[in-house]
Amino acid sequence: MTETDFAFLRLLLQQRSGLSLTPDKLYLAESRLSILCRRRGIADIATLIGQLRLGRDRVLESAVVDAMTTNETLFFRDRMPFDLFRDVILPERIAANAASRSLRIWCAAVSSGQEAYSLAMIIDDLAERLAGWKVEIIGTDISSEILEKARSGIYSQFEVQRGLPIQMLLKHFEQRGDKWQISERLRRMIDFRHHNLLERNDHFGRFDVIFCRNVLIYFDVPTKVKALELLTPRLVPDGAFVLGAAETVLGLATRLTCDPEHRGLYRQAAALAAQPRSAAPLANRSFAQPLAGWRA
């Protein structure tokens, strides 16, 4: 790939998806786009870039974005955010939403679905506590191809071995030949939708909890700011915002701030300032005991 073609590709990815491809990723672009060319019957990368320059094929542009997007994920990735969800965020939301008996969660950049299904498994294990509640989980991603995998809920043996305790595998999955499919009950809990984090999202409504983990690390600073400006209004005033371990809102968002008591948890700055917080509710036995098995 020529430097000129690579510069064009970097600009296209930035404009279409927010992905900031650094100059040292030329080899990665060549590797992934070569595979795409073979799949689509395109002679070579130069021909592919030539077609993209015409700006007439949105399907091809989407395929390039899909090819260059990193979809690394696994069940209960990093574990701490899921402990936080179970032990702190859920008790808070159950108390705050006792009248409406509803709970809305957004998993942004959901990839192949493991994060959303991990949250669904925690909620399902608390079914008695949430009896009569309306629970809605929305999982969004820019890749249509990866969303199809998420909707199917079918994972390889390797994928279910990464982070998923055997107890949860046996409880929530059914074996399909050499693969595993998550139960239909949990698949019905999640609405997977195509969405670009840099586009308007007003139609999504507001959420009690937003998980946006391990995607901002691929954006440059202006794009991070834009994504957070679009995401923050979708959070209810006293809601919970969760980022990845290597991510922060410091210097990027004025309306979000770190929760002083829980690392990795962010709040609406105005709500946190207006309401002094005592010790956040920890899990009691009725929350922790049914889920003890997944800690192993």
Side-chain angles (χ1 to χ4, degrees), residues 1 5-75 77 106-117 138-156 158-159 162 179 187 190-201 204 211-220 223-224 226-227 230-231 244 247:
M1 188 186 307
D5 283 351
F6 187 49
F8 171 82
L9 175 67
R10 292 175 62 196
L11 180 61
L12 177 73
L13 291 171
Q14 172 74 31
Q15 292 175 339
R16 296 290 182 269
S17 69
L19 177 63
S20 180
L21 200 64
T22 53
D24 62 321
K25 292 297 189 295
L26 173 62
Y27 75 95
L28 178 66
E30 290 178 332
S31 173
R32 294 187 178 182
L33 294 185
S34 293
I35 295 172
L36 178 63
C37 286
R38 289 196 295 271
R39 287 173 55 187
R40 298 182 67 93
I42 298 173
D44 50 36
I45 294 177
T47 303
L48 171 66
I49 298 296
Q51 293 180 14
L52 292 173
R53 287 182 184 278
L54 296 174
R56 300 171 184 167
D57 193 337
R58 294 296 182 184
V59 174
L60 182 59
E61 289 181 1
S62 295
V64 169
V65 171
D66 281 3
M68 293 306 305
T69 302
T70 299
N71 290 305
E72 170 65 17
T73 188
L74 63 152
F75 292 101
R77 183 178 182 179
W106 182 7
C107 290
V110 73
S111 187
S112 46
Q114 285 94 320
E115 178 180 84
Y117 286 128
I138 292 178
T140 66
D141 202 273
I142 196 172
S143 170
S144 299
E145 183 177 345
I146 206 68
L147 284 172
E148 285 305 309
K149 176 178 174 63
R151 291 187 187 101
S152 75
I154 298 175
Y155 300 95
S156 67
F158 174 73
E159 288 171 317
R162 300 182 70 203
K179 298 184 182 296
R187 296 201 308 273
I190 304 169
D191 179 10
F192 290 106
R193 305 181 188 178
H194 182 271
H195 178 67
N196 185 333
L197 291 181
L198 303 182
E199 295 177 352
R200 293 191 59 166
N201 52 31
F204 282 177
F211 270 61
C212 183
R213 301 174 61 229
N214 306 309
V215 63
L216 296 184
I217 54 175
Y218 298 106
F219 294 168
D220 61 18
T223 309
K224 290 178 184 179
K226 181 177 180 179
L230 288 166
L231 286 164
E247 297 168 324

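Treat the numbers as computed from the prediction; the structure is a model and nothing was measured.
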*Test Val64 against Leu9 for side chain to side chain contact (heavy atoms under 4.5 Å, CB included), laying out the working first.*
CA-CA 9 Å; Val64 169; Leu9 175 67; 3.8 Å; yes

Quick one: pull up [atom1] in [X] and [atom2] in [Y] and give me the separation to the nearest 0.5 Å.
X	Y	atom1	atom2	result
Arg10	Leu26	CZ	CG	10.0 Å
Tyr218	Leu19	OH	CG	9.0 Å
Cys107	Arg193	SG	CZ	12.5 Å
Leu13	Leu52	CG	CG	9.0 Å

Polar side chain donor-acceptor pair, [X] to [Y], under 3.5 angstrom:
X	Y	answer
Gln14	Thr223	yes
Thr22	Asp24	yes
Ser111	Asp141	no

Closest non-hydrogen atom pair, [X] against [Y]:
X	Y	value
Asp66	Ser143	OD1-CA, 3.1 Å
Gly55	Glu61	CA-OE2, 4.1 Å
Ala150	Tyr117	O-OH, 2.7 Å
Ile142	His194	O-NE2, 2.8 Å
Met1	Ala29	CE-CB, 4.1 Å
Lys25	Phe6	C-CZ, 3.9 Å

*asked:* Go through it in stages, so that I can follow the logic: the residues are Phe158 and Phe75, the test is ring pair (Phe, Tyr, Trp, His ring centres under 6.0 Å), and I'd like the CA-CA distance, side-chain angles, deciding distance and then a yes or no.
replied: CA-CA 11 Å; Phe158 174 73; Phe75 292 101; over 10 Å; no

*Pair Glu145 + Arg39: basic N to acidic O under 4.0 Å*: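 Arg39 and Glu145: salt-bridged.
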
_Check Glu159 with Lys149, please: is the shortest side-chain N to carboxylate O separation under 4.0 Å?_
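Salt bridge between Lys149 and Glu159, a charged N being under 4.0 Å from a carboxylate O: yes.
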
pair [X]-[Y]: side-chain heavy atoms closer than 4.5 Å:
X	Y	result
Lys179	Tyr155	no
Ser112	Thr73	yes
Arg77	Glu115	no
Leu197	Ser17	no
Leu21	Met68	yes
Arg40	Leu48	no
Ile42	Leu60	yes
Glu247	Ile217	yes

Tell me if a side-chain donor or acceptor on [X] pairs with a main-chain N or O of [Y] at a distance below 3.5 Å.
X	Y	result
Asn201	Leu230	yes
Ser62	Arg58	yes
His195	Thr140	no
Ser34	Glu30	yes

*Might you work through the side chain to side chain contact (heavy atoms under 4.5 Å, CB included) test for Arg53 and Asp5, ending with a clear yes or no?*
CA-CA 9 Å; Arg53 287 182 184 278; Asp5 283 351; 3.1 Å; yes

*Could you go through the ring pair (Phe, Tyr, Trp, His ring centres under 6.0 Å) check for Trp106 and Phe211 one step at a time?*
CA-CA 6 Å; Trp106 182 7; Phe211 270 61; over 10 Å; no

